[in-house]
Amino acid sequence: MTTARLPDAPWRHRPGFDDLCARLGAAEGETRLVGGAVRDGLLGLDVADIDLATRLRPDEVTQRLTGAGIKVVPTGITHGTVTAVLDHRPVEITTLRSDVSTDGRRATIVYTDDWQEDAARRDFTINALYADPATGDVSDYFGGLKDLEARRVRFIGDPAQRIAEDHLRILRYFRFLARFGALPPDAAAYAACRDNANSLMALSRERIADELLKLLALPDPSAVLRLMIEGGVLLPVLPEIEAAGLARLEALIARQQQAGLDMPPAAVLRLCALLPPDADVGEQIAARLKLSNKARKRIVTALTPPPAHASAQELVYRVGTEAALDLMLLDRAEASRNIGPLSHWNPPVFPLSGRDIIALGISAGPDVAKLLSTSKEQWIAEGFPDANRARAIAQAQVAEFLRSRQNS
Ligand code: ATP
Ligand code: MG
(Lines give C-alpha, C1' and ligand atoms only; values in the text may rest on other atoms or scores of the structure.)
(Ligands and ions follow the chains in the order given, each with its own letter.)
Protein backbone atom coordinates (compact mmCIF):
# COMPACT_ATOMS: atom_id res chain seq x y z
CA MET A 1 0.00 0.00 0.00
CA THR A 2 1.31 3.40 -0.99
CA THR A 3 1.56 5.78 1.93
CA ALA A 4 1.04 9.48 1.83
CA ARG A 5 0.49 12.48 4.00
CA LEU A 6 -1.98 15.26 3.43
CA PRO A 7 -0.09 18.53 2.87
CA ASP A 8 -0.76 21.21 5.41
CA ALA A 9 -3.17 23.86 4.21
CA PRO A 10 -5.22 26.70 5.69
CA TRP A 11 -8.50 24.77 5.44
CA ARG A 12 -7.19 22.28 7.98
CA HIS A 13 -6.98 25.08 10.51
CA ARG A 14 -10.44 26.49 10.13
CA PRO A 15 -11.38 28.10 13.47
CA GLY A 16 -12.73 25.49 15.82
CA PHE A 17 -11.80 22.53 13.64
CA ASP A 18 -9.05 21.18 15.91
CA ASP A 19 -11.42 21.34 18.83
CA LEU A 20 -14.17 19.59 16.89
CA CYS A 21 -11.79 16.79 15.89
CA ALA A 22 -10.57 16.45 19.47
CA ARG A 23 -14.12 16.11 20.73
CA LEU A 24 -14.80 13.41 18.16
CA GLY A 25 -11.79 11.41 19.35
CA ALA A 26 -9.61 11.96 16.30
CA ALA A 27 -6.44 11.50 18.36
CA GLU A 28 -7.75 8.10 19.47
CA GLY A 29 -8.43 7.11 15.87
CA GLU A 30 -12.20 7.48 16.11
CA THR A 31 -12.62 10.13 13.42
CA ARG A 32 -10.89 10.87 10.12
CA LEU A 33 -11.16 13.19 7.16
CA VAL A 34 -12.61 11.48 4.09
CA GLY A 35 -13.73 11.97 0.51
CA GLY A 36 -13.32 15.22 -1.36
CA ALA A 37 -11.28 16.92 1.36
CA VAL A 38 -8.60 14.21 1.28
CA ARG A 39 -8.65 13.83 -2.49
CA ASP A 40 -8.53 17.57 -3.22
CA GLY A 41 -6.13 18.20 -0.34
CA LEU A 42 -3.68 15.67 -1.78
CA LEU A 43 -3.90 17.42 -5.13
CA GLY A 44 -3.13 20.73 -3.43
CA LEU A 45 -6.53 22.13 -4.35
CA ASP A 46 -8.56 24.34 -2.08
CA VAL A 47 -11.03 22.49 0.10
CA ALA A 48 -14.37 24.12 0.82
CA ASP A 49 -16.47 21.25 2.17
CA ILE A 50 -15.02 19.09 4.88
CA ASP A 51 -16.33 15.55 5.30
CA LEU A 52 -15.47 13.46 8.34
CA ALA A 53 -15.99 9.75 8.85
CA THR A 54 -16.36 8.51 12.39
CA ARG A 55 -16.80 5.37 14.40
CA LEU A 56 -19.06 7.27 16.77
CA ARG A 57 -22.78 6.87 16.26
CA PRO A 58 -24.73 9.97 15.16
CA ASP A 59 -26.39 10.48 18.58
CA GLU A 60 -22.97 10.33 20.23
CA VAL A 61 -21.59 12.84 17.72
CA THR A 62 -24.54 15.15 18.32
CA GLN A 63 -24.24 14.86 22.07
CA ARG A 64 -20.51 15.55 22.16
CA LEU A 65 -20.72 18.54 19.85
CA THR A 66 -23.84 20.22 21.19
CA GLY A 67 -22.34 19.76 24.67
CA ALA A 68 -19.44 21.90 23.46
CA GLY A 69 -21.77 24.55 22.08
CA ILE A 70 -21.33 23.52 18.43
CA LYS A 71 -24.47 23.62 16.34
CA VAL A 72 -25.39 20.24 14.82
CA VAL A 73 -28.06 19.66 12.19
CA PRO A 74 -29.35 16.13 11.41
CA THR A 75 -28.99 16.57 7.66
CA GLY A 76 -28.95 12.92 6.63
CA ILE A 77 -29.70 11.02 9.75
CA THR A 78 -31.19 8.01 7.91
CA HIS A 79 -27.78 7.28 6.44
CA GLY A 80 -25.79 8.35 9.47
CA THR A 81 -24.89 11.93 8.59
CA VAL A 82 -25.09 15.00 10.78
CA THR A 83 -23.70 18.40 9.88
CA ALA A 84 -21.80 20.57 12.31
CA VAL A 85 -21.74 24.27 11.60
CA LEU A 86 -18.31 25.70 12.20
CA ASP A 87 -17.42 29.27 11.44
CA HIS A 88 -20.68 29.43 9.41
CA ARG A 89 -19.54 26.58 7.21
CA PRO A 90 -20.66 22.95 7.25
CA VAL A 91 -18.63 19.96 8.31
CA GLU A 92 -20.44 16.73 7.39
CA ILE A 93 -19.89 13.92 9.84
CA THR A 94 -20.91 10.44 8.73
CA THR A 95 -20.78 7.34 10.86
CA LEU A 96 -18.91 4.40 9.33
CA ARG A 97 -21.46 2.26 7.61
CA SER A 98 -22.06 -0.44 5.15
CA ASP A 99 -24.94 -0.65 2.71
CA VAL A 100 -26.95 -3.82 3.25
CA SER A 101 -29.59 -3.50 0.61
CA THR A 102 -29.96 -1.11 -2.27
CA ASP A 103 -32.52 -0.49 -4.96
CA GLY A 104 -30.59 1.79 -7.27
CA ARG A 105 -31.81 4.92 -5.55
CA ARG A 106 -31.38 4.49 -1.81
CA ALA A 107 -29.65 2.14 0.54
CA THR A 108 -30.53 0.49 3.82
CA ILE A 109 -27.51 0.80 6.03
CA VAL A 110 -25.87 -0.70 9.08
CA TYR A 111 -23.21 1.00 11.14
CA THR A 112 -19.80 -0.56 11.40
CA ASP A 113 -16.50 0.00 13.20
CA ASP A 114 -14.48 -1.12 10.25
CA TRP A 115 -12.85 1.57 8.10
CA GLN A 116 -12.35 -0.76 5.19
CA GLU A 117 -16.02 -1.69 5.16
CA ASP A 118 -16.93 1.99 5.08
CA ALA A 119 -14.44 2.52 2.25
CA ALA A 120 -15.97 -0.36 0.29
CA ARG A 121 -19.40 1.27 0.13
CA ARG A 122 -17.98 4.46 -1.40
CA ASP A 123 -18.05 4.95 -5.15
CA PHE A 124 -14.55 5.50 -6.53
CA THR A 125 -11.11 4.62 -5.18
CA ILE A 126 -10.06 8.28 -5.19
CA ASN A 127 -13.12 9.12 -3.06
CA ALA A 128 -12.34 6.49 -0.43
CA LEU A 129 -9.18 7.96 1.05
CA TYR A 130 -9.10 8.84 4.75
CA ALA A 131 -6.70 11.08 6.63
CA ASP A 132 -5.89 11.67 10.26
CA PRO A 133 -6.91 15.31 10.83
CA ALA A 134 -3.88 16.01 13.01
CA THR A 135 -1.02 14.16 11.33
CA GLY A 136 -2.44 14.04 7.81
CA ASP A 137 -1.55 10.33 7.52
CA VAL A 138 -3.60 8.83 4.73
CA SER A 139 -5.33 5.44 4.83
CA ASP A 140 -5.98 3.85 1.47
CA TYR A 141 -7.81 0.52 1.21
CA PHE A 142 -8.47 0.27 -2.51
CA GLY A 143 -5.53 1.80 -4.33
CA GLY A 144 -6.95 5.32 -4.42
CA LEU A 145 -3.56 6.98 -4.02
CA LYS A 146 -2.13 5.30 -7.09
CA ASP A 147 -5.27 6.03 -9.05
CA LEU A 148 -5.20 9.65 -8.02
CA GLU A 149 -1.61 9.93 -9.12
CA ALA A 150 -2.42 8.29 -12.45
CA ARG A 151 -5.64 10.31 -12.74
CA ARG A 152 -7.66 7.14 -12.97
CA VAL A 153 -11.30 7.24 -11.91
CA ARG A 154 -12.11 3.68 -10.98
CA PHE A 155 -15.10 2.14 -9.25
CA ILE A 156 -14.45 0.22 -6.06
CA GLY A 157 -15.42 -3.33 -6.97
CA ASP A 158 -17.41 -4.35 -10.02
CA PRO A 159 -18.67 -1.25 -11.87
CA ALA A 160 -21.90 -2.88 -13.07
CA GLN A 161 -22.79 -4.00 -9.57
CA ARG A 162 -21.97 -0.62 -8.07
CA ILE A 163 -24.18 1.04 -10.68
CA ALA A 164 -26.99 -1.41 -9.95
CA GLU A 165 -26.79 -0.36 -6.28
CA ASP A 166 -26.97 3.33 -7.11
CA HIS A 167 -27.63 4.51 -10.65
CA LEU A 168 -26.55 8.07 -9.91
CA ARG A 169 -22.99 6.72 -9.88
CA ILE A 170 -23.10 6.71 -13.69
CA LEU A 171 -23.32 10.48 -13.72
CA ARG A 172 -20.95 10.86 -10.78
CA TYR A 173 -18.44 8.76 -12.70
CA PHE A 174 -18.42 11.15 -15.64
CA ARG A 175 -18.33 14.19 -13.39
CA PHE A 176 -15.27 12.96 -11.51
CA LEU A 177 -13.71 11.85 -14.79
CA ALA A 178 -14.11 15.39 -16.15
CA ARG A 179 -12.66 16.82 -12.96
CA PHE A 180 -9.77 14.53 -12.23
CA GLY A 181 -9.48 11.85 -14.86
CA ALA A 182 -7.15 11.31 -17.75
CA LEU A 183 -8.65 9.90 -20.93
CA PRO A 184 -9.23 7.30 -22.22
CA PRO A 185 -11.42 6.17 -19.34
CA ASP A 186 -11.17 2.91 -17.45
CA ALA A 187 -12.61 0.44 -19.98
CA ALA A 188 -14.69 -1.52 -17.46
CA ALA A 189 -16.18 1.62 -15.95
CA TYR A 190 -17.08 3.16 -19.28
CA ALA A 191 -18.60 -0.05 -20.58
CA ALA A 192 -20.71 -0.47 -17.43
CA CYS A 193 -21.97 3.12 -17.66
CA ARG A 194 -22.97 2.61 -21.28
CA ASP A 195 -24.57 -0.76 -20.70
CA ASN A 196 -26.63 0.52 -17.81
CA ALA A 197 -27.60 3.91 -19.15
CA ASN A 198 -31.27 2.89 -19.13
CA SER A 199 -31.18 2.67 -15.36
CA LEU A 200 -30.90 6.48 -15.23
CA MET A 201 -34.61 6.54 -16.06
CA ALA A 202 -35.35 5.28 -12.55
CA LEU A 203 -33.79 8.37 -10.95
CA SER A 204 -35.66 11.55 -10.17
CA ARG A 205 -35.17 14.20 -12.81
CA GLU A 206 -33.97 16.67 -10.17
CA ARG A 207 -31.06 14.44 -9.23
CA ILE A 208 -30.16 13.94 -12.87
CA ALA A 209 -30.31 17.67 -13.49
CA ASP A 210 -28.23 18.41 -10.43
CA GLU A 211 -25.44 16.03 -11.48
CA LEU A 212 -25.53 17.05 -15.12
CA LEU A 213 -25.31 20.75 -14.28
CA LYS A 214 -22.43 20.10 -11.90
CA LEU A 215 -20.63 18.34 -14.72
CA LEU A 216 -21.39 21.16 -17.15
CA ALA A 217 -20.07 23.74 -14.68
CA LEU A 218 -16.56 22.27 -14.73
CA PRO A 219 -13.90 24.23 -16.60
CA ASP A 220 -13.98 22.02 -19.70
CA PRO A 221 -16.32 19.04 -19.67
CA SER A 222 -16.51 18.64 -23.45
CA ALA A 223 -14.26 15.60 -23.87
CA VAL A 224 -16.23 13.72 -21.24
CA LEU A 225 -19.55 14.78 -22.72
CA ARG A 226 -18.32 13.41 -26.01
CA LEU A 227 -17.78 10.05 -24.32
CA MET A 228 -21.24 10.21 -22.80
CA ILE A 229 -23.02 11.19 -25.98
CA GLU A 230 -21.10 8.81 -28.21
CA GLY A 231 -21.74 6.06 -25.70
CA GLY A 232 -25.47 6.81 -25.63
CA VAL A 233 -25.37 7.45 -21.89
CA LEU A 234 -27.73 10.43 -21.97
CA LEU A 235 -30.03 8.99 -24.60
CA PRO A 236 -32.54 7.43 -22.18
CA VAL A 237 -33.15 10.64 -20.26
CA LEU A 238 -32.19 13.39 -22.69
CA PRO A 239 -32.62 12.09 -26.23
CA GLU A 240 -32.76 15.68 -27.47
CA ILE A 241 -29.05 16.14 -26.90
CA GLU A 242 -27.52 15.68 -30.31
CA ALA A 243 -24.02 14.81 -31.43
CA ALA A 244 -23.94 18.10 -33.34
CA GLY A 245 -24.24 19.79 -29.96
CA LEU A 246 -20.72 18.73 -29.07
CA ALA A 247 -19.15 21.00 -31.64
CA ARG A 248 -21.35 23.83 -30.37
CA LEU A 249 -20.28 23.13 -26.81
CA GLU A 250 -16.61 23.11 -27.75
CA ALA A 251 -17.03 26.37 -29.65
CA LEU A 252 -18.88 27.91 -26.72
CA ILE A 253 -16.15 26.97 -24.27
CA ALA A 254 -13.49 28.34 -26.61
CA ARG A 255 -15.43 31.58 -26.99
CA GLN A 256 -15.93 31.86 -23.24
CA GLN A 257 -12.19 31.52 -22.79
CA GLN A 258 -11.32 33.95 -25.58
CA ALA A 259 -13.73 36.57 -24.37
CA GLY A 260 -11.84 36.40 -21.09
CA LEU A 261 -15.03 37.39 -19.39
CA ASP A 262 -14.97 37.44 -15.67
CA MET A 263 -17.88 35.08 -15.28
CA PRO A 264 -18.31 31.50 -14.18
CA PRO A 265 -18.99 28.94 -16.88
CA ALA A 266 -22.76 28.88 -16.96
CA ALA A 267 -23.90 25.28 -16.86
CA VAL A 268 -27.35 26.16 -18.18
CA LEU A 269 -25.86 27.93 -21.19
CA ARG A 270 -23.68 24.92 -21.91
CA LEU A 271 -26.77 22.76 -21.81
CA CYS A 272 -28.27 25.06 -24.45
CA ALA A 273 -25.29 24.42 -26.69
CA LEU A 274 -25.99 20.70 -26.55
CA LEU A 275 -29.64 21.13 -27.48
CA PRO A 276 -31.00 21.81 -30.93
CA PRO A 277 -31.65 25.54 -31.43
CA ASP A 278 -35.36 25.22 -30.77
CA ALA A 279 -37.09 27.13 -28.00
CA ASP A 280 -39.82 24.47 -27.66
CA VAL A 281 -37.23 21.81 -26.96
CA GLY A 282 -35.65 24.11 -24.38
CA GLU A 283 -39.02 24.56 -22.73
CA GLN A 284 -39.59 20.80 -22.57
CA ILE A 285 -36.17 20.04 -21.15
CA ALA A 286 -36.48 22.74 -18.51
CA ALA A 287 -39.81 21.26 -17.46
CA ARG A 288 -38.52 17.69 -17.48
CA LEU A 289 -35.46 18.57 -15.40
CA LYS A 290 -37.61 20.74 -13.14
CA LEU A 291 -35.25 23.67 -13.55
CA SER A 292 -35.99 27.00 -11.91
CA ASN A 293 -38.10 29.58 -13.71
CA LYS A 294 -35.04 31.71 -14.14
CA ALA A 295 -33.12 28.87 -15.78
CA ARG A 296 -36.09 28.03 -18.00
CA LYS A 297 -36.36 31.61 -19.24
CA ARG A 298 -32.66 31.77 -19.88
CA ILE A 299 -32.76 28.56 -21.92
CA VAL A 300 -35.78 29.61 -23.94
CA THR A 301 -34.29 33.02 -24.77
CA ALA A 302 -30.98 31.46 -25.75
CA LEU A 303 -32.74 29.01 -28.08
CA THR A 304 -35.07 31.59 -29.66
CA PRO A 305 -33.71 33.08 -32.90
CA PRO A 306 -32.47 36.61 -32.21
CA PRO A 307 -33.57 39.45 -34.51
CA ALA A 308 -31.72 39.26 -37.81
CA HIS A 309 -28.79 41.62 -38.41
CA ALA A 310 -28.90 42.92 -34.85
CA SER A 311 -25.79 44.66 -33.59
CA ALA A 312 -24.39 43.54 -30.27
CA GLN A 313 -25.77 46.64 -28.58
CA GLU A 314 -29.16 46.12 -30.13
CA LEU A 315 -29.25 42.62 -28.69
CA VAL A 316 -28.40 43.90 -25.25
CA TYR A 317 -31.11 46.50 -25.57
CA ARG A 318 -33.73 43.97 -26.62
CA VAL A 319 -33.02 40.98 -24.40
CA GLY A 320 -30.76 42.29 -21.64
CA THR A 321 -27.04 41.86 -21.08
CA GLU A 322 -27.02 38.26 -19.89
CA ALA A 323 -29.24 36.94 -22.66
CA ALA A 324 -27.38 38.95 -25.31
CA LEU A 325 -24.07 37.53 -24.12
CA ASP A 326 -25.63 34.06 -24.16
CA LEU A 327 -26.75 34.49 -27.77
CA MET A 328 -23.36 35.76 -28.79
CA LEU A 329 -21.48 33.09 -26.92
CA LEU A 330 -23.66 30.48 -28.57
CA ASP A 331 -22.91 32.22 -31.86
CA ARG A 332 -26.61 32.44 -32.58
CA ALA A 333 -26.37 36.15 -33.27
CA GLU A 334 -24.56 37.69 -36.20
CA ALA A 335 -22.80 40.10 -33.86
CA SER A 336 -20.84 37.37 -32.16
CA ARG A 337 -17.47 39.05 -32.03
CA ASN A 338 -16.42 41.70 -29.64
CA ILE A 339 -18.20 40.29 -26.63
CA GLY A 340 -15.89 41.67 -23.94
CA PRO A 341 -16.80 45.38 -23.79
CA LEU A 342 -20.48 44.58 -23.92
CA SER A 343 -20.75 43.22 -20.46
CA HIS A 344 -20.03 46.75 -19.25
CA TRP A 345 -22.41 48.47 -21.62
CA ASN A 346 -25.61 49.76 -20.11
CA PRO A 347 -28.39 50.05 -22.63
CA PRO A 348 -29.73 53.62 -22.82
CA VAL A 349 -33.38 54.43 -22.27
CA PHE A 350 -35.34 55.55 -25.31
CA PRO A 351 -35.55 59.28 -24.71
CA LEU A 352 -39.06 59.89 -26.11
CA SER A 353 -42.55 59.17 -24.87
CA GLY A 354 -46.06 59.38 -26.28
CA ARG A 355 -46.20 63.02 -25.28
CA ASP A 356 -43.43 63.90 -27.70
CA ILE A 357 -45.42 62.33 -30.51
CA ILE A 358 -48.57 64.18 -29.47
CA ALA A 359 -46.56 67.42 -29.35
CA LEU A 360 -45.69 66.79 -33.00
CA GLY A 361 -49.39 66.98 -33.90
CA ILE A 362 -50.72 63.44 -33.58
CA SER A 363 -53.87 63.11 -31.50
CA ALA A 364 -53.90 60.66 -28.63
CA GLY A 365 -54.72 57.13 -29.80
CA PRO A 366 -53.19 54.07 -31.44
CA ASP A 367 -51.23 56.17 -33.96
CA VAL A 368 -49.16 57.58 -31.12
CA ALA A 369 -48.04 54.14 -29.98
CA LYS A 370 -47.36 53.09 -33.55
CA LEU A 371 -45.23 56.15 -34.31
CA LEU A 372 -43.42 55.87 -31.02
CA SER A 373 -42.56 52.29 -31.83
CA THR A 374 -41.35 52.93 -35.40
CA SER A 375 -39.27 55.86 -34.11
CA LYS A 376 -37.75 53.63 -31.49
CA GLU A 377 -36.90 50.96 -34.07
CA GLN A 378 -35.06 53.51 -36.14
CA TRP A 379 -33.31 54.85 -33.06
CA ILE A 380 -32.10 51.31 -32.30
CA ALA A 381 -31.04 50.77 -35.91
CA GLU A 382 -29.02 54.01 -35.76
CA GLY A 383 -27.19 52.78 -32.70
CA PHE A 384 -28.97 54.65 -29.88
CA PRO A 385 -28.23 58.31 -30.79
CA ASP A 386 -28.91 61.13 -28.32
CA ALA A 387 -32.26 62.78 -27.52
CA ASN A 388 -31.92 65.47 -30.20
CA ARG A 389 -31.42 62.91 -32.89
CA ALA A 390 -34.27 60.84 -31.42
CA ARG A 391 -36.60 63.83 -31.73
CA ALA A 392 -35.47 64.40 -35.30
CA ILE A 393 -36.23 60.76 -36.06
CA ALA A 394 -39.72 61.12 -34.58
CA GLN A 395 -40.32 64.34 -36.49
CA ALA A 396 -39.43 62.65 -39.76
CA GLN A 397 -41.59 59.65 -38.93
CA VAL A 398 -44.56 61.87 -38.07
CA ALA A 399 -44.12 63.96 -41.20
CA GLU A 400 -43.99 60.81 -43.30
CA PHE A 401 -47.10 59.46 -41.56
CA LEU A 402 -49.08 62.67 -42.12
CA ARG A 403 -48.04 62.75 -45.74
CA SER A 404 -49.14 59.21 -46.40
CA ARG A 405 -52.45 59.85 -44.65
CA GLN A 406 -53.09 62.87 -46.87
CA ASN A 407 -52.36 60.85 -49.97
CA SER A 408 -54.70 58.01 -49.08
P1 ATP B 1 -17.31 17.19 -4.16
O2 ATP B 1 -16.09 18.01 -4.21
O3 ATP B 1 -18.03 17.13 -5.45
O4 ATP B 1 -18.19 17.47 -2.98
P5 ATP B 1 -16.92 14.69 -2.82
O6 ATP B 1 -16.00 13.54 -3.09
O7 ATP B 1 -16.79 15.37 -1.51
O8 ATP B 1 -16.73 15.70 -4.01
P9 ATP B 1 -19.67 14.24 -2.16
O10 ATP B 1 -20.79 14.08 -3.11
O11 ATP B 1 -19.62 15.42 -1.28
O12 ATP B 1 -18.36 14.14 -3.06
O13 ATP B 1 -19.61 12.91 -1.29
C14 ATP B 1 -18.66 12.72 -0.25
C15 ATP B 1 -18.14 11.29 -0.32
O16 ATP B 1 -19.23 10.39 -0.08
C17 ATP B 1 -17.55 10.88 -1.64
O18 ATP B 1 -16.20 11.23 -1.73
C19 ATP B 1 -17.78 9.40 -1.63
O20 ATP B 1 -16.80 8.75 -0.84
C21 ATP B 1 -19.12 9.25 -0.90
N22 ATP B 1 -20.26 9.23 -1.83
C23 ATP B 1 -21.05 10.27 -2.18
N24 ATP B 1 -22.01 9.88 -3.03
C25 ATP B 1 -21.85 8.57 -3.22
C26 ATP B 1 -22.55 7.58 -3.99
N27 ATP B 1 -23.59 7.90 -4.74
N28 ATP B 1 -22.09 6.31 -3.90
C29 ATP B 1 -21.04 5.98 -3.13
N30 ATP B 1 -20.34 6.85 -2.42
C31 ATP B 1 -20.73 8.14 -2.45
MG1 MG C 1 -18.15 16.93 -0.76
Side-chain angles (χ1 to χ4, degrees), residues 6 9 11 14 32-54 75-76 78-84 86 89-109 112 115-131 138-145 147-148 153-181 189 192-193 196 199-200 202-204 206-208 210-219 221 224 267:
L6 201 58
W11 66 266
R14 195 180 279 189
R32 294 173 178 170
L33 290 159
V34 70
V38 182
R39 181 196 64 221
D40 297 358
L42 283 167
L43 291 173
L45 303 172
D46 190 36
V47 169
D49 298 335
I50 299 182
D51 290 300
L52 291 173
T54 183
T75 43
T78 51
H79 51 267
T81 301
V82 299
T83 300
L86 210 60
R89 279 173 301 180
V91 176
E92 280 203 359
I93 305 159
T94 304
T95 301
L96 302 194
R97 65 174 218 234
S98 138
D99 298 343
V100 282
S101 74
T102 51
D103 67 356
R105 285 172 295 181
R106 59 188 83 74
T108 311
I109 62 138
T112 169
W115 294 97
Q116 178 150 357
E117 245 185 308
D118 183 73
R121 63 99 184 157
R122 294 179 184 270
D123 44 11
F124 311 113
T125 60
I126 59 170
N127 284 353
L129 296 167
Y130 301 77
V138 174
S139 309
D140 174 15
Y141 304 97
F142 293 99
L145 283 168
D147 285 343
L148 191 60
V153 184
R154 210 160 49 84
F155 281 92
I156 295 173
D158 172 46
Q161 188 195 327
R162 302 310 310 280
I163 290 170
E165 289 166 7
D166 178 355
H167 313 318
L168 195 68
R169 288 176 187 153
I170 295 176
L171 299 178
R172 285 178 63 87
Y173 173 74
F174 289 106
R175 175 159 67 89
F176 285 105
L177 188 64
R179 232 167 119 189
F180 302 107
C193 289
N196 295 287
S199 67
L200 288 175
L203 295 176
S204 79
E206 288 97 324
R207 293 181 78 202
I208 292 174
D210 183 57
E211 267 302 324
L212 185 64
L213 292 175
K214 277 188 192 161
L215 166 64
L216 285 169
L218 293 173
V224 160

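First listed ligand is number 1; within each ligand, the first listed atom is number 1.
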Does R121 reach ligand 1, in the sense of a heavy atom lying below 4.0 Å from it? yes
Just so I know, are the side chains of L145 and L129 near enough to count as touching, which here means a heavy-atom distance under 4.5 Å? yes
Could you check which of R172, E211, R179, K214 puts a non-hydrogen atom nearest to atom 10 (O) of ligand 1? R172
Once you restrict to heavy atoms under 4.0 Å, what part of L168 touches ligand 1? Side chain, backbone, both or neither. neither
Ligand 1 atoms nearer than 4.0 angstrom to some heavy atom of G36 are 5 (P), 6 (O), 7 (O), 18 (O)
Shortest protein heavy-atom distance from atom 20 (O) of ligand 1, along with the residue and atom involved: N127 O, 2.9 Å
Give the atom numbers and elements of ligand 1 that come within less than 4.0 Å of a heavy atom of F176. 6 (O), 8 (O)
So D40 and R179, salt bridge (charged side-chain N to carboxylate O under 4.0 Å, His left out) or not? Walk me through it. CA-CA 11 Å; D40 297 358; R179 232 167 119 189; 3.4 Å; yes
Quick one about T81 and T75 (side-chain donor to acceptor, distance below 3.5 Å, no hydrogens or angles considered), yes or no? no
Given side chains that start at C-beta, do those of L171 and L215 come closer than 4.5 Å, heavy atoms only? no
For atom 28 (N) of ligand 1, find the nearest protein heavy atom and state the residue, atom name and distance (0.1 Å precision). R169 NE, 2.8 Å
A side-chain contact here means heavy atoms from C-beta on lying under 4.5 Å apart; do R39 and N127 qualify? yes
Does ligand 1 have an atom under 4.0 Å from some heavy atom of D51? yes
Heavy-atom contact check, 4.0 Å cutoff: does D166 meet ligand 1? yes
Set out, in order, the CA-CA distance, both residues' side-chain angles and the distance that settles side-chain contact (heavy atoms from CB on, under 4.5 Å) for V153 and Y173, then state yes or no. CA-CA 7 Å; V153 184; Y173 173 74; 3.9 Å; yes
Nearest to atom 15 (C) of ligand 1, what protein heavy atom do you find, and at what distance? R122 NH1, 3.7 Å
Begin with the C-alpha distance, continue with both residues' side-chain angles, and end with the deciding distance and a verdict on side-chain contact (heavy atoms from CB on, under 4.5 Å) for C193 and F174. CA-CA 9 Å; C193 289; F174 289 106; 3.7 Å; yes
Establish whether atom 4 (O) of ligand 1 and some protein heavy atom are separated by less than 4.0 angstrom. no
With backbone taken as N, CA, C and O and side chain as the heavy atoms from C-beta onward, which portion of R39 lies under 4.0 Å from ligand 1: side chain, backbone, both, or neither? side chain
Regarding ligand 1, does D40 bring an N or O atom to under 3.5 Å of one of the ligand's N or O atoms? no
D166 side chain to R105 main-chain N or O, any donor-acceptor pair under 3.5 Å? no
Within the 4.5 Å heavy-atom criterion, are N196 and H167 side-chain neighbours or not? no
Which residue and heavy atom of the protein sit nearest atom 19 (C) of ligand 1, plus the separation: D123 OD1, 3.6 Å
